[in-house]
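Letters A, B, ... are given to chains in the order of the sequence lines, protein chains preceding strands, and every chain is numbered from 1. Side-chain atoms are counted along with the backbone in the values below, which use heavy atoms only and exclude waters and symmetry mates.
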Number of protein chains: 2
Amino acid sequence: MPTHDELDVAKRIVIGLNKIGLALRHHAWQKADKARLTPTQGQILSFLDAHAGECVGTSAVAEALALTRPTASEAIHALVQKGWVKREPSPADRRAACWTLTEAGRRQAEAAKTWADFLLPAVAALDPNEQVIFLRSLMKMIRVLQVQQKIPIAAMCVTCRFFRPCVHDDPQKPHHCAFVDAPLGDRDLQLMCSDHETADEAHAAHVWNILTQRRRRHDDPRVHDGVPDAAAGAAETRRD
Amino acid sequence: MPTHDELDVAKRIVIGLNKIGLALRHHAWQKADKARLTPTQGQILSFLDAHAGECVGTSAVAEALALTRPTASEAIHALVQKGWVKREPSPADRRAACWTLTEAGRRQAEAAKTWADFLLPAVAALDPNEQVIFLRSLMKMIRVLQVQQKIPIAAMCVTCRFFRPCVHDDPQKPHHCAFVDAPLGDRDLQLMCSDHETADEAHAAHVWNILTQRRRRHDDPRVHDGVPDAAAGAAETRRD
DNA sequence: CCAACTTAATTAGCACTCCTAATAAAAGTC
DNA sequence: GACTTTTATTAGGAGTGCTAATTAAGTTGG
């Protein structure tokens, strides 16, 4: 009889993910000292860089990185002190800030973006077949975490390059996210997606077109026998 | 055909692992407040509990959690203040400490042990076959990180001198543990084995070779579930 | 139109994280 | 007995992360 602990596979996976998390944290701090840029600060720079052009306030940063607003506020001010971020007034709201990168900040952000690439050699130890399965598994997990609100939500699907509007027949979940590979409903769009990556303008315009067209149809709901109205609308507005 | 393939699989895996890391950190701090136990402190309690009976000093803790000794020292003293850890003298060395849990500390450790279990529902989203592959992939990655000194040593089968990979014909239990003298399957591979003893380099390299080559010889056909043949073919061609 | 929300951001206060550098003390070396 | 290594700590500093309270600017409703 083996005397090894009888932990099931799932628990051992959790332990393993923890190890990876440990590596991430450790590495983040290691580099922190070199670049005078702590983990949180680096992530804020990356986030601001990814959302350049949008008006990103303290709250948006806090939400994206799963921090409280005070914590985000302090970290941002540290970056301001270092001359990498500056405050622009929001056109709409005199209370709100629009944090933007300075020229030096953009350079820092470029460097910070690759901070996790030290994991790439480890990933390369998997053969291509394993990588695909591993990625698919990660996506499944991330989706569950998102649904359970364990992962912060970062940006709107509508501006995301992974977003595919109106491709399913299910009226509850007509859209599709190509990153987590799962259907999305309209109410999911209100939330922001933690896997968001800004789409190019063409894609964004395309998405917007489809959404606005369909919404018009939606205003005039038709119910067929056993056929949901949105399905008909989606089918008609779908485009290749 | 997906249009979102601009990033290769490896980079998306890194992004995904980052997300999991974010969830881990966030969740750790959430619970921290409830239990008046910060992430590092919780991990120290777990570690001491797992190594009860051994003489664990400050350095050992620091190494296991990838902290500097001063950081570990401070965290331990916070736990002493709370009455969960006490110092015992080392029999051999009057400088060294043997940190041990108090009765209350053992109770706290028991609770702290499950802190990452919030990930279990996410893991459960994977089917059993995926779980096994995911676990094996994690171990491969962790081993690379260990070799690169990016992560403290983990007590994994893959680095253990008692581990004999692929010595049985039973595809369910191809490996063998020479310590408990019992066959092991992929699902039995350990990440935190209490009987682990680090193998010498020759043995480690040998194990690694066999594990990475094995897939072509007799792999479980279910592994290829849902994955294009091209991927398996690529795996096929990658050995000398 | 002003009192009563609500929201954006900050301040204050606290405990802890994480680092480097310097120190103290014991143990091993020569 | 001085020299070096190892174990643990202290000192000092920037940063993380939280809650609670505050300031200021919008929004809403009687």
Heavy atoms under 4.0 Å, any strand shown: does B/T71 hit a base, just sugar-phosphate, or nothing?
base
Take the protein atom CZ of B/R69 and the nucleotide atom P of D/dT5, then report the distance between them rounded to whole Å.
14 Å
Which atom pair, heavy atoms only, marks the closest approach of B/V14 to A/V123?
CG2-CG2, 4.2 Å
Separation of D/dT16 C1' from A/I44 CD1 (nearest whole Å)
11 Å
For the student: nearest non-hydrogen atoms of B/C98 and B/P89, plus distance:
SG-O, 4.2 Å
Chi angles and distances behind the side chain to side chain contact (heavy atoms under 4.5 Å, CB included) call for B/F134, A/V9:
CA-CA 9 Å; B/F134 194 86; A/V9 175; over 6 Å; no
Nearest heavy-atom pair of A/R69 and A/S59: which atoms, and what distance?
CD-OG, 3.1 Å
Rounded to whole Å, how long is the line connecting atom CD of A/Q30 with atom P of C/dT17?
18 Å
Decide, yes or no, whether a salt bridge links A/D49 with A/R106 under the criterion of side-chain N to carboxylate O below 4.0 Å.
no
Would you classify A/S59 as touching base, sugar-phosphate or nothing, given that sugar-phosphate means primed atoms plus P, OP1 and OP2, and contacts are heavy atoms under 4.0 Å?
sugar-phosphate
Quick test of your reading of the model: are A/E130 and B/R136 salt-bridged, counting only N-O distances below 4.0 Å?
yes
Verdict with reasoning, B/I44 to B/I76, per side chain to side chain contact (heavy atoms under 4.5 Å, CB included):
CA-CA 8 Å; B/I44 292 176; B/I76 291 170; 4.3 Å; yes
Applying a 4.0 Å non-hydrogen cut-off, can you work out what A/A72 is touching in the nucleic acid: base, sugar-phosphate, or nothing?
nothing
Counting side-chain heavy atoms from CB outward, which of D/dT9, C/dC18, C/dA9 is closest to B/L67?
C/dC18
Rounded to the Å, how far apart are B/L24 CG and D/dG17 P?
13 Å
Taking side-chain hydrogen bond (donor to acceptor under 3.5 Å, both in side chains) as the cut-off, I'd like each qualifying pair that reaches into residues 72-87 of chain A, sequence neighbours left out, listed once.
A/Q41-A/K82
Looking only at non-hydrogen atoms, find the nearest pair between B/A116 and B/L24 and report the distance.
CB-CD2, 4.4 Å
Whole Å only: how far is the CG atom of A/L22 from the P atom of C/dC18?
10 Å
Mind checking A/T68 for me? I need base, sugar-phosphate or nothing, with any heavy atom below 4.0 Å counting as a touch.
base
Under 3.5 Å between N/O atoms: give me all the protein pairs with nucleotides 11-16 of chain C, atom names plus distance.
unit_1, atom_1, unit_2, atom_2, d
C/dC16, OP1, B/K82, NZ, 3.0
C/dC16, O3', B/T38, OG1, 3.0

In whole angstrom, what separates B/R25's CZ from C/dT17's P?
14 Å
Just how far, in rounded Å, is P of D/dG17 from CD1 of A/I76?
13 Å
With a 4.0 Å heavy-atom cut-off, tell me which residues in residues 92-119 of chain A come close to DNA chain D, sorted by residue number.
A/D93, A/R94, A/R95
Can you tell me the distance, in whole Å, between the CD atom of A/E63 and the C1' atom of C/dA9?
15 Å
